[in-house]
Protein chains: 2
Amino acid sequence: MSCTEPALQTLRARGFRMTPQRLCVLEILHNAPEHLTPQQVYEQAARAMPGLTETTIYRALEFLAGHNLVNAALTANGKLTYELARRAHHHLVCRVCGQQVEIDHEILLPVYRSLEETSGFHINTSHLTFFGLCPHCKETE
Amino acid sequence: MSCTEPALQTLRARGFRMTPQRLCVLEILHNAPEHLTPQQVYEQAARAMPGLTETTIYRALEFLAGHNLVNAALTANGKLTYELARRAHHHLVCRVCGQQVEIDHEILLPVYRSLEETSGFHINTSHLTFFGLCPHCKETE
DNA sequence: TATGCTATTGCAAGTATTTTCAATAAGGAG
DNA sequence: CTCCTTATTGAAAATACTTGCAATAGCATA
Ligand SMILES: [Mn+2]
Ligand SMILES: [Mn+2]
Ligand SMILES: [Zn+2]
Ligand SMILES: [Zn+2]
């Protein structure tokens, strides 16, 4: 499939390999409407590729995240979920009802700049999760 | 110990209890030079209170974090570590060597404000972790 | 200080995630 | 197209974390 062509090139250029298992994970995340847990990815992947193991899913997700082909996001209960890497963005999620709002990366650029200036670091966090209370839950305490 | 007095009041006022196990966890974090993993807390706690279980440590950390007496922080590999809640701050950690820099919460206030304004949310994320490359590792690629 | 309610603990069992290692297969070279 | 190197997989075992439940012990009240 065409949407995975660039990913394939990226990996090979770095001496790594594109496998059907990794393609399967990318495919699943590509069609997912939202972030998925490793378990959810596994369930779908196992359906498409019987015999594939959970171990492989965990490894594929970590690997793909390391190569910026997928992003990991933190949930309110401290667990990681994944999504296909796309336009840089962040999340704001309600601790009570779980409602999510997406945040453009541009909004954070100024802070990134000032943090880089004062620390000398090059920041490459690509996917932050802020927590809080949504307009509704803010009312009902 | 006096440093735990306020914590005790906080909990009782809300109908919860201060137990020797929770005090032990607070005590350990109070003396820790940096963030600790649940396992590290357990090792120290078990030495002070034989019989205490890992289950209790996990529950105490989550409970105390829920009451803002301790803060959870994300490590580069997606795992949670804990520290005693103190002045609001965040972290900037190098993905290569692990070097950490602390960030004053004030620096992020403007962004918080603008995020709250545009989303209507009340943000209460108290402990963010930014990742990147430190000045040194930035050089050596 | 004695009593009662119920939040909290420890234990056991369940689920999730990581690690180790031998067998397999991606993909560059010829 | 075949061969070779070695990145990657699957299986099993080890660890990490969560959940259910009965016994225990904070602490509010009298
Ligand atoms: Mn996202
Ligand atoms: Mn901290
Ligand atoms: Zn809400
Ligand atoms: Zn570094």
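In this structure, B/H90 and B/H105 have tilted ring planes: the angle between them lies in the 30° to 60° band.
Rounded to whole Å, atom C1' of D/dT8 lies 9 Å from atom CZ of A/F63. One can place CD1 of B/I57 at 15 Å from C1' of C/dC11, the figure rounded to the nearest angstrom. Regarding A/L8, its CG atom lies at a distance of 14 Å from the C1' atom of C/dG28, rounded to whole Å. Rounded to an integer number of Å, the gap from OH of A/Y82 to C1' of C/dA16 is 12 Å. D/dT9 atom P lies 11 Å from atom CG of A/L23, rounded to whole Å.
Every residue two or more places apart in sequence or in another chain was checked for a salt bridge (charged side-chain N to carboxylate O under 4.0 Å, His left out) with A/E106, and none qualifies. Every residue meeting the salt bridge (charged side-chain N to carboxylate O under 4.0 Å, His left out) condition with A/R87, not counting sequence neighbours, appears here in chain and number order: A/D104. Scored by the ring pair (Phe, Tyr, Trp, His ring centres under 6.0 Å) test, A/H67 finds A/F16, A/F63 as partners (sequence neighbours excluded). Partners of B/R59 according to the side-chain hydrogen bond (donor to acceptor under 3.5 Å, both in side chains) rule, which considers only residues two or more places apart in sequence or in another chain, do not exist here. In terms of the ring pair (Phe, Tyr, Trp, His ring centres under 6.0 Å) criterion, residue partners of B/F130 (sequence neighbours excluded) are, by chain and number, A/Y112. Every residue was checked against the salt bridge (charged side-chain N to carboxylate O under 4.0 Å, His left out) condition with A/E34, not counting sequence neighbours, and none meets it.
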Exercise. Let me have a per-nucleotide readout for nucleotides 12-20 of chain D, 5' to 3', with B, S or -, counting only protein heavy atoms under 4.0 Å.
Key: B---SSBBB
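For B/L52, whose side chain is taken as the heavy atoms from C-beta onward, the closest listed nucleotide among D/dT8, D/dG26, C/dG10 is C/dG10.
Taking 4.0 angstrom as the limit, A/T56 places none of its side-chain polar atoms (N or O) nearer than this to OP1 or OP2 of D/dT9. Contact annotation: B/Q21 does not reach the phosphate of D/dA25 (side-chain N/O to OP1 or OP2, under 4.0 Å).
Proximity of residues 11-19 of chain A to DNA chain D (heavy atom under 4.0 angstrom from any strand atom) is restricted to A/G15, A/F16, A/R17, A/T19.
Test A/T81, A/L36, A/V70 against A/V41 for side chain to side chain contact (heavy atoms under 4.5 Å, CB included) and you get one pass: A/L36.
Each ring pair (Phe, Tyr, Trp, His ring centres under 6.0 Å) pair with one or both residues in residues 41-61 of chain B, not counting sequence neighbours, would appear here, but there are none.
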